[in-house]
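Everything below concerns the one structure shown next.
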2 protein chains.
Amino acid sequence: MIEDSRKILSEHSVSITNPRILVLEALLEFGNPITIDELQSKLKGAVAKSTLYRVLNDLKKIKILNEFTSPDNSTVVELILEDHSHHHHLFCSDCGEVIDVELSEEFEIMLNKEIEKVQKNFNFEITDHRVEMFGLCTDQCSNCK
Amino acid sequence: MIEDSRKILSEHSVSITNPRILVLEALLEFGNPITIDELQSKLKGAVAKSTLYRVLNDLKKIKILNEFTSPDNSTVVELILEDHSHHHHLFCSDCGEVIDVELSEEFEIMLNKEIEKVQKNFNFEITDHRVEMFGLCTDQCSNCK
DNA sequence: ACAGTAAATGAGAATAAGTCTCATTTATTT
DNA sequence: AAATAAATGAGACTTATTCTCATTTACTGT
Ligand SMILES: [Mn+2]
Ligand SMILES: [Mn+2]
Ligand SMILES: [Zn+2]
Ligand SMILES: [Zn+2]
């Protein structure tokens, strides 16, 4: 995992530093979208708060980190590596878990057609979209029992 | 408009107070999703900051206010009255404008089918969804020229 | 209309996520 | 190994939102 992190950094010509490795490792290990709070507690103070935010910004700049706000207003980040393709998110309103969801290709095609229509109607240039689903994990989520 | 505001409040058995009327009037007059910042400037200090947030919470409690975060992290609110049906949002990454968008019925039907699948796959109970589109208004938006 | 009571308000203090500053440390290049 | 630019840590700062509490206001029953 340390090697994965080093590789990611060097492939993006970002200098290899301890805080960057630690943050990447934590993200890789968790493997799911994670709250900044959770991330901080996984790091157990090994990286200063200011540095954590700087590293997250660095990762955003090289386009391997995605950031969004969950319905309870916490900031969530996730790595987007090569294998990580276009997908959407499912939020548990109870425990706050965020789950990656891939929707069917037919659906994405239809959504793109809708987007075409919206572009024309509003004379917009739409560059991205997001589908979010909210609900309750019923029994299998890692936080709720 | 004052009468509309009074009516909305009494219909939801919320006591009719000046700050509540002022906030409702501003929202009704603007008629679109609005940033809390913009809302505050429309109110020109007529409502104390703490009261504004309280009133917005009151409106959320009676389920006539929707709140979400725009991609630039500002908080956006909108009234959801009877006529205001299910819809989604389009964000201009340049000027921050937020536009209501209604997608086709066929699309929503298909999305609901996708949601059915996700519910089963993840053993979730999905209660709501959101489609967000991001891009640039090309010429007609009220803020960019 | 009036008094009594609970609810709502205003002003400003408190909280907390995220940013910034600056002195020190570290990574990279030679 | 030295030189240099970049990155870091610690804590100050900013700013959106919440909280506190003394005062004001809206509703209820008379
Ligand atoms: Mn994801
Ligand atoms: Mn809307
Ligand atoms: Zn859950
Ligand atoms: Zn615009």
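Quick note on labels: first sequence line is chain A, next is B, and so on, each numbered from 1. When reading the values below, keep in mind they use all heavy atoms of this one structure, side chains included, and skip hydrogens, waters and symmetry mates.
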Sorted by chain and number, sequence neighbours left out, ring pair (Phe, Tyr, Trp, His ring centres under 6.0 Å) with B:His87 holds for B:His84, B:His89
5'-most contact on DNA chain D (nearest-nucleotide basis), A:Ala46 vs B:Ile36, goes to A:Ala46
Ordered by number, residues from residues 50-72 of chain B within less than 4.0 Å of DNA chain C (heavy atoms) are B:Ser50, B:Thr51, B:Arg54
Sorted by chain and number, sequence neighbours left out, side chain to side chain contact (heavy atoms under 4.5 Å, CB included) with A:Lys42 holds for A:Phe30, A:Ile34
Return yes if some donor-acceptor pair links the side-chain N/O of B:Ser93 with the main-chain N/O of B:Gly135 below 3.5 Å, else return no. yes
Applying side chain to side chain contact (heavy atoms under 4.5 Å, CB included) to B:Arg54 and not counting sequence neighbours gives B:Ser50, B:Thr51
Within residues 10-23 of chain B, those residues having any heavy atom closer than 4.0 Å to DNA chain C are B:Ser15, B:Thr17, B:Pro19, B:Arg20
Contacts satisfying ring-ring contact (aromatic ring centres under 6.0 Å, His included) that involve residues 93-117 of chain B (not counting sequence neighbours) are A:Phe107-B:Phe107
Sequence neighbours excluded, the answer for side chain to side chain donor-acceptor pair (under 3.5 Å) partners of B:Asp72 is B:Ser70, B:Ser74
| query | Would a distance-only check, ignoring hydrogens and angles, find a side-chain to backbone donor-acceptor pair under 3.5 Å from B:Arg20 to B:Ser15? | reply | yes
Query raised in the report: So, the side chain of B:Thr127 versus the backbone of A:Leu136: is there a donor-acceptor pair under 3.5 Å, distance only?
Result: no
Outermost contacting nts on DNA chain C, any atom under 4.0 Å from chain A heavy atoms, listed 5' then 3', are C:dA17 to C:dT28
Hits for side chain to side chain donor-acceptor pair (under 3.5 Å) against A:Glu108, two or more places apart or cross-chain, chain-then-number order -> A:His86, A:His88, A:His129
Residue set satisfying side chain to side chain donor-acceptor pair (under 3.5 Å) with A:Thr75, at least two apart, ordered chain then number -> none
Side chain to side chain donor-acceptor pair (under 3.5 Å) filter on A:Lys117, not counting sequence neighbours, yields A:Glu114
**Q.** Neighbour count above 12 (heavy atom, 6.0 Å) for A:Glu11 CD
**A.** yes
Rounded to 10°, the helix from C:dA1-D:dT30 to C:dT30-D:dA1 deviates from straight, judged by its five-pair end axes, by 40°
